[in-house]
2 protein chains.
Amino acid sequence: MSNSVGPRLRLLRNSLQARSISTSEPFGLPTGSLTVMSLIAANPGSSQVQLAEWAGITGPGLVGIIDDLEQRGLVKRERSPTDRRKNLLVLTDEGELKMETLFGEVSEIEAPIRNELGPQDFQRFMEMVDRAVAALDRQKS
Amino acid sequence: MSNSVGPRLRLLRNSLQARSISTSEPFGLPTGSLTVMSLIAANPGSSQVQLAEWAGITGPGLVGIIDDLEQRGLVKRERSPTDRRKNLLVLTDEGELKMETLFGEVSEIEAPIRNELGPQDFQRFMEMVDRAVAALDRQKS
DNA sequence: TATTGTTATACTCTATAACTATA
DNA sequence: TATAGTTATAGAGTATAACAATA
């Protein structure tokens with residue numbers, strides 16, 4: 001079609017989300033939930049501002065996601081003993097299990113893409129997206 | 001981070017849109033406007049259902065975009081003489097000019113990505129997105 | 001005074017259902 | 001009856017401003 005990535009990106013994201021995903025829709029969780037869960041798993045005890053920064057979500061946006069996850073018993077908010085303004089976030093055991101399930105679901109939804117590109121180009125594709133994001137972020141600062 | 005494209009895609013789209021783009025934000029036009037304009041340019045006299053299909057936009061969504069473009073004198077709706085239910089859409093001369101300007105703006109906004117990947121990989125990247133979309137669409141039907 | 005998390009709010013994008021006018 | 005365009009409506013996602021608690 002045209003020579004820019006914007007329109008393509010919308011088509012791809014629409015298709016994925018129509019398949020009920022960007023991250024974790026299949027279980028009725030808000031978009032970004034799985035991203036946040038995996039960040040917590042990799043960095044237990046993170047604060048919400050840290051997570052928001054990493055996930056590319058605004059503060060208020062993250063509050064809603066954490067509310068949802070906590071209500072389902074997948075994540076726990078613990079007040080930091082050293083700085084009582086902060087929440088230290090951790091996954092519950094149930095959260096760890098659910099996260100694995102969600103990754104499976106997402107992987108299945110994205111299977112057509114993986115099959116189309118092949119495992120090697122699929123990996124390259126994701127690396128390219130990461131590099132594109134990094135390049136834009138570098139520009140911003 | 002994780003092994004799926006969904007979260008990455010959100011980061012990339014957010015970054016682009018923060019730079020005031022998905023397609024044509026810089027002039028206050030709704031998202032998808034430039035996509036629609038380029039489709040009309042390539043297929044003058046298209047109907048709205050055709051355009052919605054091609055652009056991955058819903059019928060009602062397209063109405064708003066066309067309303068906006070028509071109000072600015074960039075696009076004209078003409079009643080089809082053979083089937084008076086249909087609108088035949090065409091770009092005005094001013095629309096053609098504006099489209100070129102918008103392409104320039106978008107290209108500038110996406111320049112960091114092009115520079116990061118290099119022209120060849122940038123092209124490959126866009127092809128991969130297209131293939132991914134096609135693969136998902138194939139699955140759907 | 002600055003920061004963390006929160007609430008309130010608004011705007012955009014997307015989706016669905018129902019209406020009209022044509023066929 | 002089916003289709004093209006439209007209107008009305010609702011639901012996500014994202015963003016900003018303002019507030020309370022803490023530093």
Side-chain angles (χ1 to χ4, degrees), chain A residues 6-7 9-36 45-53 55-70 75-89, chain B residues 6-7 9-26 28-36 45-53 55-71 75-89:
Chain A
L9 238 46
R10 190 186 58 245
L11 288 174
L12 182 51
R13 251 204 124 203
N14 283 3
S15 278
L16 280 175
Q17 219 149 17
R19 255 157 206 72
S20 202
I21 270 298
S22 166
T23 65
S24 50
E25 267 317 332
F27 292 83
L29 290 166
T31 300
S33 299
L34 182 51
T35 305
V36 169
S46 298
S47 72
Q48 291 185 201
V49 290
Q50 269 183 328
L51 288 173
E53 161 79 20
I57 298 174
T58 61
L62 187 64
V63 170
I65 293 174
I66 302 291
D67 283 351
D68 210 320
L69 291 173
E70 194 173 37
V75 158
K76 257 199 323 190
R77 280 188 246 236
E78 292 176 358
R79 241 22 191 184
S80 162
T82 65
D83 183 344
R84 297 216 308 280
R85 293 172 302 180
K86 290 187 181 176
N87 288 334
L88 307 184
L89 299 175
Chain B
L9 239 45
R10 190 185 58 242
L11 289 174
L12 181 51
R13 251 205 125 203
N14 283 2
S15 279
L16 279 177
Q17 220 149 16
R19 257 157 205 73
S20 203
I21 271 299
S22 169
T23 65
S24 49
E25 269 315 334
L29 290 166
T31 300
S33 299
L34 183 51
T35 305
V36 169
S46 298
S47 72
Q48 290 185 202
V49 291
Q50 269 183 327
L51 288 173
E53 160 81 19
I57 298 174
T58 60
L62 187 63
V63 170
I65 293 174
I66 301 292
D67 282 351
D68 210 319
L69 291 173
E70 194 173 37
Q71 201 165 351
V75 158
K76 257 199 324 190
R77 282 187 244 235
E78 292 176 358
R79 242 24 190 182
S80 163
T82 65
D83 183 344
R84 297 215 309 279
R85 293 171 302 181
K86 290 187 181 175
N87 287 334
L88 308 183
L89 299 176

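Just the heavy atoms: all of them, side chains too, but no hydrogens, waters or symmetry mates, feed the values below. Convention: sequence-line order gives letters A, B, ...; per-chain numbering from 1.
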> Does the side-chain contact (heavy atoms from CB on, under 4.5 Å) test come out yes or no for L34(B) and L29(B), once each step is laid out?
Replying inline: CA-CA 9 Å; L34(B) 183 51; L29(B) 290 166; over 6 Å; no
>> Keeping S15(A) on the side-chain end and L12(A) on the backbone end, is there a donor-acceptor pair under 3.5 Å?
In response: no
>> Looking only at the side chain of R10(A) (C-beta and beyond, no hydrogens), which of the listed nucleotides dT6(D), dT14(C), dG5(C) gets closest?
In response: dT14(C)
>> Does any part of the side chain of N87(A), heavy atoms only, come nearer than 4.5 Å to the side chain of E78(A), both counted from C-beta?
In response: no
>> Quick check on dT6(C): is either OP1 or OP2 less than 4.0 Å from any side-chain nitrogen or oxygen of R77(A)?
In response: yes
> Using a cut-off of less than 4.0 Å, is there contact between a side-chain N or O of N14(B) and OP1 or OP2 of dT14(D)?
Replying inline: yes
> Taking for each residue the nucleotide of DNA chain D bearing the nearest heavy atom, is the 5' side occupied by S80(A) or by S47(B)?
Replying inline: S47(B)
>> Nearest to the side chain of D67(A), heavy atoms from C-beta on, is which of dT14(C), dT7(C), dG5(D)?
In response: dT7(C)
>> Could you tell me how far apart R79(B) (CZ) and dT22(C) (C1') are, to the nearest whole angstrom?
In response: 9 Å
>> Pick the closest DNA chain C nucleotide for R84(B) and for G61(B) by heavy atoms, then say which residue is nearer the 5' end.
In response: G61(B)
>> Check this one for me: any side-chain N or O of Q48(A) less than 4.0 Å away from OP1 or OP2 of dT6(C)?
In response: yes
> I57(B) CD1 to dT12(C) P: how many Å, rounded?
Replying inline: 16 Å
> When you measure from the side chain of T58(B), which nucleotide among dA23(C), dG5(C), dT16(C) comes out closest?
Replying inline: dT16(C)
>> Between L88(B) and P81(B), is there a side-chain heavy-atom distance shorter than 4.5 Å?
In response: yes
> Taking for each residue the nucleotide of DNA chain C bearing the nearest heavy atom, is the 5' side occupied by R85(B) or by P60(A)?
Replying inline: P60(A)
